[in-house]
Amino acid sequence: NEINITSSSLNSNDSNYQPQNVTLFDDNDKHFESEDKPNSWLCFDFKKHRIIPTDYTIRSCPWSPNNNHPKSWVIECSNDNKSWETVDEEKDCSYLNGASYSHTFTMNHQKSTEFRYIRIRLTGTTWANHNYLKFCSFEIYGQLNYNL
């Protein structure tokens, strides 16, 4: 109840593809999967909390290299869910191009601002040249503050 996770789209209503699955760190059978659309995104709403993000970890799905693993994306933050600030940008990143690869990224445009919303948004195609946003887990690290 502390966080709401939404997405630009869902590839299926099947429970194996839902946004909340990215929090199931020990379950490789479930993952998040958007439709094959440019700029697909996954957003975390921290509701009553604010976060100053510093790092994040993504674990890819258990598929072979050059599948629909993320390749280029941005991490964006907002307080109104309308105007977004980029806090990290990855281009042609190969760290997730393999079965259940995990990598921790440091925000390369880090801000000292507290944010309510954090989203990951594709900025290019996957390693299989599609626009699916797919991965098994996503963790955000930083300073979490309660906001009344």
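Remember, it's a predicted structure, so these values are computed and weren't measured experimentally.
The salt bridge (Lys or Arg N to Asp or Glu O under 4.0 Å) pairs that include a residue from residues 53-69 number zero, where partners must be two or more places apart or lie in different chains. Residue pairs meeting the ring-ring contact (aromatic ring centres under 6.0 Å, His included) criterion with at least one partner in residues 51-88, sequence neighbours excluded, are His31-Trp63, Tyr56-Phe105, Tyr56-Phe138, Trp73-Phe105.
Applying the side-chain hydrogen bond (donor to acceptor under 3.5 Å, both in side chains) rule to Tyr17 yields no partners; only residues at least two apart in sequence or on another chain are considered.
Ser8 contributes a side-chain N or O that, together with a main-chain N or O of Trp41, makes up a donor-acceptor pair within less than 3.5 Å.
Connection of Tyr101 to Phe25 is not established within any shared hydrophobic cluster, with ILVMFWY side chains joined at heavy-atom distances below 4.5 Å, either directly or through further cluster members. In terms of hydrophobic clustering, with Ile, Leu, Val, Met, Phe, Trp and Tyr side chains grouped at heavy-atom distances under 4.5 Å, Tyr95 and Leu133 are assigned to a common cluster.
Salt-bridge check for Lys48 with Glu2: failed, with every basic side-chain N at 4.0 Å or more from each acidic carboxylate O.
Asn81 places none of its side-chain heavy atoms less than 4.5 Å from the side chain of Asp45. In this structure the side chain of Glu85 reaches within 4.5 angstrom of the side chain of Lys111, judged on heavy atoms. In this structure, the side chains of Thr57 and His103 stay at 4.5 Å or more apart for every pair of heavy atoms.
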CA sep, side-chain torsions, deciding dist, call: Leu42, Ile5, side-chain contact (heavy atoms from CB on, under 4.5 Å)
CA-CA 7 Å; Leu42 181 74; Ile5 306 172; 3.7 Å; yes

Run Thr106 and Tyr141 through side-chain contact (heavy atoms from CB on, under 4.5 Å) and show every step you take.
CA-CA 9 Å; Thr106 298; Tyr141 308 103; over 6 Å; no

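If you take CD1 on Ile3 and NE2 on His49, they are separated by 7.5 Å, rounding to the nearest 0.5 Å.
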